[in-house]
Protein chains: 2
Amino acid sequence: MPRGYQQSPHTRLINRFVADFKRLMLYIRTDQILVFLAKKYTLKDLALELNISISTVSKALNNSPEISEDTQKKVLALAQLYHYRPNSTALRLRESRSNHIGVVLPDLVHHFFTTVFKGIEEYANARGFNVSVCFSDDNTQKEKDAIDLLLDSGVDGIILSLAGQTQQLAAWSHLQEVAAQGTHLVMFDRVTDHVPGDQVMIDDMHSAYKATQRLIDLGCTRIALLTTESYLSVNQDRQSGYIKALKESNLTYEAQRVLALPKSEVDPASLRTFFAECPVDAVLCVNELIAVQAMHVVTALGKRIPEDVAFVGYNNGMLSMYSYPSLTVVDQQGYLMGEKSAEVLIDKICSKTPLDISKYVIPTTLVERNSTPNTRK
Amino acid sequence: MPRGYQQSPHTRLINRFVADFKRLMLYIRTDQILVFLAKKYTLKDLALELNISISTVSKALNNSPEISEDTQKKVLALAQLYHYRPNSTALRLRESRSNHIGVVLPDLVHHFFTTVFKGIEEYANARGFNVSVCFSDDNTQKEKDAIDLLLDSGVDGIILSLAGQTQQLAAWSHLQEVAAQGTHLVMFDRVTDHVPGDQVMIDDMHSAYKATQRLIDLGCTRIALLTTESYLSVNQDRQSGYIKALKESNLTYEAQRVLALPKSEVDPASLRTFFAECPVDAVLCVNELIAVQAMHVVTALGKRIPEDVAFVGYNNGMLSMYSYPSLTVVDQQGYLMGEKSAEVLIDKICSKTPLDISKYVIPTTLVERNSTPNTRK
DNA sequence: AACGACACCGAAATCGTTATCGATGCCTCG
DNA sequence: CGAGGCATCGATAACGATTTCGGTGTCGTT
């Protein structure tokens, strides 16, 4: 026997019998062909069965030139027969990379986050990365738990949009922990400078400015703003843009035309009193959910959209598309934002030299539909 | 020196200096405090620094009784200082469990899948499991790729809802591969018996039967069905339920009152011709997207909802809630379905003895809103 | 004084994989 | 016939953590 000089042939034979016997026992015990087949095969199993060493099997499967064609064929055949897949955990341990990123989202009911996530997922998958998701429900404690879970699961990086409460409380310690673990962080949409990490966002101020400007161009002069309570930085920026556009056109900014709703739910009654007391000819809403509900209220008050009141919202989602009338919106291009976030993160993970922290601004577009007139009144 | 009899004190000292030196070099090279701190600390690092063995550090961190209080305090202090976290990959390799499940969804634009996913995610997180998501876009090849990615990433189990194309082509091999890998599989909503795995679903036939029955009770006699092209088993079942209810009430089932739309997009023109040519007093739609669009068309034709035409849809989503009029729907209780799927899967993963394959039926409810009259006509 | 119990700690195996470094024959060439 | 090259393969370390087992010194008991 030409092989087997380093380990006695007898040992090999015995080992093989032991392996076979174990499988047989497993088979008999469960009495199910499927479970029998479902054993996770390792290099060791293949090696024992073929009576060659683990290294040889590994090299054969990896197309190493130092393995004879004959051996390689045998190995490949057996591997295929047993549906062998390398144990990814072992690989990760060696490579000390998991090809795995985590995403923390405030929620998933908003169409915006759904599309961002889609962008992240598709880009990451295309580069062979797995994506785990957690939700913060705009709650700081849940955000912390989510980050802990992701860090403990060994992700290479995290993409996150800040929970509302976190921005409100300015509680950054759980996020700084991410950097302390040497895990890369990318924030999108709701970002902060208090935590080291890249930022991907839209220019909220400018987009609101442009949307308001468009309403003014269409002949509107009494423009309302429906926003949420102020702790979300993006909404503050949008309000700034709204005010800037008004001032530039010499329209007075009246605080009574701004309604800040509690984020959790929209109260139709407060909308009714607002629109009843405050005559307006246009409304800018910081999301589509508020917009469609406001449109219902305004319609119920006997006003026509867009002739009497024009509406512009944010988020190019299903509600905007299929509302009646369909809603003109600022498209935040969530898909692009997701793609960019994933790209930035994965580039960082893959690069050896540390890259600088940077900020990216995704352009927005105004999608005009039937809630705004197509010509100046 | 009481300790150090197994390894010479000199070796220890040298090792510690080497460790310190390496860290120093890293520090100088990157010139960033943060990166300096961001080094991933291992048990080895702590052990070198404290001049004790790796085993001792491990036992100290795990509250082993055989470690002196003194030593444990020192270890814990250093671990905290360096933000030590055990390397999860190494743990997984030992435990041969990843505490990680994968989810494959046809898409995320449908509110239904969003809620199911939320249910899965929250339940899994509560039990310390990570959740990775992939999308099939109703495409068999992408479904296969997604499963490959998940299997390669070493998930303990997979939750999936079949891609439309997969059901159409009856292509099951990539799903059987999951079982062959010894990975547990749970299917929800769109399920099949051709693949070994648990099933969580609603009783589509019965829910459509009940919805149709309700319309009949409200005095409707000419009830239309808007469905998608037939390869989705759930929609076939719903059609059966619809037909059954008609027959039981001695209403004739007329094929012309059933419109099967291509899944990709709803063509308003075909809806217009359908409603123009086919006088109906009620419509059952297999999802909310079709329903709201049909409502727009019917409204445009001058009919009133619900007085002239009543509408019932599926999926209790944002569109149903905020459409005008708001839509009566069959609530599939996506959240419950997600929770149940995750529960079944994780129970299987955690149990040592193989459990039998089983099917679970989640009850549906009819959420009545303004698209159906509240009393009999 | 000798022996055993006990407290405390370290070495080594293990999980599955890859990469490095030998090691073995065989063949060829001088 | 011996040396060296080549083709082919195996042993081993390493990744980071846990756990079993064994070892050391101390102290108390007889």
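Residue numbers begin at 1 in each chain, while the letters A, B, ... track the order of the sequences. Quick note: numbers below take in every heavy atom, side chains included, and nothing from hydrogens, waters or symmetry partners.
Sorted by first and then second residue, the salt bridge (Lys or Arg N to Asp or Glu O under 4.0 Å) pairs involving residues 76-86 of chain B (not counting sequence neighbours) are A/Asp148-B/Arg85, A/Asp152-B/Arg85, A/Glu177-B/Arg85. Judged as a salt bridge (Lys or Arg N to Asp or Glu O under 4.0 Å), the pairs with a partner in residues 51-66 of chain A (not counting sequence neighbours) are, in order, A/Lys59-A/Glu66.
Counting to the nearest Å, the P atom of C/dA11 and the CD1 atom of B/Ile52 are 12 Å from each other. The interatomic distance linking A/Glu66 (CD) with D/dG5 (P) rounds to 18 Å, in whole Å. The CD atom of A/Gln72 sits 10 Å away from the P atom of D/dC9 (whole-angstrom rounding). Following rounding to the nearest Å, B/Arg97 (CZ) and D/dA17 (C1') show an atom-to-atom distance of 16 Å.
The side chain to side chain contact (heavy atoms under 4.5 Å, CB included) test applied to A/Ser358 returns A/Asp198, A/Tyr360, not counting sequence neighbours. For B/Lys142, the salt bridge (Lys or Arg N to Asp or Glu O under 4.0 Å) partners are A/Glu122, B/Asp137, not counting sequence neighbours. For B/Phe129, there are no ring pair (Phe, Tyr, Trp, His ring centres under 6.0 Å) partners at least two apart in sequence or on another chain. By the salt bridge (Lys or Arg N to Asp or Glu O under 4.0 Å) test, A/Asp347 is found to be paired with A/Arg127, residues two or more places apart in sequence or in another chain being considered. Applying the side chain to side chain contact (heavy atoms under 4.5 Å, CB included) criterion to B/Glu339, with sequence neighbours excluded, gives B/Tyr123, B/Tyr335, B/Leu336.
Each end of the helix from C/dA1-D/dT30 to C/dG30-D/dC1 gets its own rotation axis from five pairs of C1' atoms, and the angle between them is 80° to the nearest 10 degrees.
Under the 6.0 Å distance and 45° angle rule, B/Lys340 does not count as a cation-pi partner of B/Phe188.
Between B/Ser53 and C/dG10 there is a side-chain polar atom (N or O) within less than 4.0 angstrom of OP1 or OP2.
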*asked:* What does the B/S/- profile of nucleotides 13-18 of chain C look like, 5' to 3', with a 4.0 Å heavy-atom cutoff to protein?
replied: -BBBBB
